[in-house]
Amino acid sequence: MKIIQASSEIITATPDLEQVIELAGRVCWKSEDKICDGSAEKLIKFLKGKNHASVMEHGVITVKIVCDRGVSHELVRHRIASFSQESTRYVNYSKDKQGGGITVIQPCFWGEGTAMFHEWKRACQQAEETYLAMLDNGAGPQEARSVLPNSLKTEIFVTANVREWQHIFELRCAPAAHPSMREIMIPLQEKFAKYWPSIFGDHLDA
Ligand SMILES: Cc1cc2nc3c(=O)[nH]c(=O)nc-3n(C[C@H](O)[C@H](O)[C@H](O)COP(=O)(O)OP(=O)(O)OC[C@H]3O[C@@H](n4cnc5c(N)ncnc54)[C@H](O)[C@@H]3O)c2cc1C
């Protein structure tokens, strides 16, 4: 059994995202003649102030997230997004290609060496043992998966427009969100803010 950390990676986005949103917004006022260096930032701020949120839907961002199945289950509740996720029906974790066992995500709330971490690790190892024994006895991956833990590693592609990403960050970076969700979403929001500060950088001013 392998234990890894959760992670995220921006795969692709609408090229010149801020400029595309500016161009779309300026069509409303036919103010394209005002486009110059720094004008996208001003226009986006103005649109946000007016809650002219639909203009943000012209930009799309795709991200790959490596997380546990608990987090992915929460992520897929977001309805205005597209998902492609590693399947526990089709992937057989006993195969050499998969490392001959399961991979789990280390919970960010239990430090290594603590009693809780030890109990968690033991439970995951027991689940792996049972999963592999079931496969050995003729079960298919889609049947043996019944015993796999919530901590099982999954990979998921998420594509959403800018407006939906703003909504996702609002909910999933908040203190009420699950710690494992925040562990992924807070750094991801930072990455978005670095690439597209006028759209995703508001929290940095707060
Ligand atoms: C801290 C936290 C705890 C939660 N706990 C639970 C729980 O215990 N049980 C549970 O089942 N879920 C829970 N959820 C999930 C939550 O109920 C939502 O399903 C999830 O957060 C998706 O958010 P959303 O519906 O706002 O947004 P999305 O699905 O991302 O949609 C974005 C926005 O589009 C609009 N929209 C989308 N679909 C419709 C529609 N059909 N009709 C009208 N407007 C629409 C809404 O304005 C919505 O906010 C929890 C979420 C959080 C953040």
Side-chain angles (χ1 to χ4, degrees), residues 5-14 17-18 20-22 24-25 27-28 43-89 104-111 116 120 123-124 145-206:
Q5 309 281 333
S7 62
S8 69
E9 177 191 355
I10 297 172
I11 299 295
T12 188
T14 301
L17 185 64
E18 288 166 312
V20 169
I21 288 172
E22 175 185 27
V27 161
C28 305
L43 199 269
I44 288 167
K45 198 171 172 193
F46 172 78
L47 293 173
K48 282 181 177 173
K50 295 268 173 223
N51 208 12
H52 203 339
S54 65
V55 184
M56 303 293 163
E57 294 165 14
H58 295 292
V60 173
I61 302 161
T62 298
V63 166
K64 181 185 172 190
I65 294 174
V66 179
C67 59
D68 70 26
R69 300 282 308 191
V71 168
S72 72
H73 189 78
E74 292 185 9
L75 269 179
V76 299
R77 292 295 301 276
H78 290 284
R79 292 160 289 180
I80 311 177
S82 305
F83 302 96
S84 299
Q85 182 173 10
E86 173 179 343
S87 167
T88 50
R89 290 190 65 201
V104 289
I105 300 289
Q106 182 166 345
C108 58
F109 36 86
W110 291 323
M116 223 48 114
W120 166 80
C124 291
R145 76 172 184 182
S146 310
V147 299
L148 291 177
N150 234 15
S151 291
L152 185 73
K153 180 271 293 179
T154 191
E155 298 180 17
I156 184 164
F157 259 59
V158 185
T159 300
N161 66 45
V162 163
R163 185 183 189 179
E164 181 65 1
W165 276 115
Q166 287 170 326
H167 180 66
I168 292 172
F169 289 135
E170 197 182 326
L171 294 183
R172 305 303 184 178
C173 295
H178 191 281
S180 299
M181 179 64 90
R182 299 184 83 219
E183 183 196 15
I184 293 161
M185 285 299 166
I186 292 174
L188 186 58
Q189 187 183 35
E190 296 305 321
K191 285 183 206 166
F192 276 37
K194 195 173 131 220
Y195 284 112
W196 309 290
S198 64
I199 302 172
F200 293 102
D202 286 353
H203 67 289
L204 300 173
D205 307 329

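Both counts, for ligands and for their atoms, begin at 1 and track the order of listing. Here the structure is a predicted model, which is why all the values come from computation and not from measurement.
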Report task. Verify whether the ring centers belonging to Phe192 and Phe169 lie closer than 6.0 Å. Result -> yes
Query raised in the report: Once you round to the nearest 0.5 Å, how far does CZ of Arg77 lie from CD1 of Ile168?
Result: 13.0 Å
**Report entry** From Ile184 atom CD1 to Ser8 atom OG, the distance as rounded to the nearest 0.5 Å
**Finding:** 7.5 Å
Query raised in the report: Heavy atoms only: which of Ile80, Leu171, Val76, Ile168 is nearest to atom 34 (O) of ligand 1?
Result: Ile80
Requested in this report: Specify side chain, backbone, both or neither for Glu164, according to which of its non-hydrogen atoms lie closer than 4.0 Å to ligand 1.
Outcome: side chain
Query raised in the report: Which residue holds the protein heavy atom closest to atom 12 (N) of ligand 1, what is that atom called, and what is the gap in Å?
Result: Arg77 NH1, 3.1 Å
Query raised in the report: Atom CD1 of Ile44 and atom CH2 of Trp196: how far apart are they, to the nearest 0.5 Å?
Result: 12.0 Å
Query raised in the report: Between Glu155 and Val66, which heavy-atom pair has the shortest distance, and what is it?
Result: CG-CG2, 4.1 Å
**Report entry** Sub-4.0 Å protein heavy atom near atom 42 (N) of ligand 1
**Finding:** no
Query raised in the report: Is the shortest distance from atom 1 (C) of ligand 1 to a protein heavy atom below 4.0 Å?
Result: yes
**Report entry** Heavy-atom nearest option to atom 20 (C) of ligand 1, drawn from Arg172, His178, Arg79
**Finding:** Arg172
Requested in this report: Classify the side-chain pair Thr159/Ser82 by whether it contains a donor and acceptor separated by less than 3.5 Å.
Outcome: no
Query raised in the report: Is the closest basic N to carboxylate O distance between Lys191 and Glu9 below 4.0 Å?
Result: no
Report task. Would you confirm whether any non-hydrogen atom of the protein falls under 4.0 Å from atom 46 (C) of ligand 1? Result -> no
Query raised in the report: Is atom 14 (N) of ligand 1 less than 4.0 angstrom from at least one protein heavy atom?
Result: no
Query - Under-4.0 Å heavy-atom contact between protein and atom 32 (C) of ligand 1 - result: yes
Report task. For the pair His167 and Met56, evaluate side chain to side chain contact (heavy atoms under 4.5 Å, CB included) and give the outcome as yes or no after the intermediate values. Result -> CA-CA 11 Å; His167 180 66; Met56 303 293 163; over 6 Å; no
Query raised in the report: Heavy-atom distance from atom 51 (C) of ligand 1 to the protein below 4.0 Å?
Result: yes
Query - Verify atom 5 (N) of ligand 1: protein non-hydrogen atom under 4.0 angstrom away - result: no
Query raised in the report: Of all the non-hydrogen atoms in the protein, which one sits nearest to atom 24 (P) of ligand 1, and at what distance?
Result: His167 NE2, 3.5 Å
**Report entry** Is_contact(atom 22 (C) of ligand 1), protein non-hydrogen, under 4.0 Å
**Finding:** yes
**Report entry** Salt bridge Glu74-Arg172, side-chain N to carboxylate O under 4.0 Å
**Finding:** yes
**Report entry** Sub-4.0 Å atoms of ligand 1 with respect to non-hydrogen atoms of Ala176
**Finding:** 1 (C)
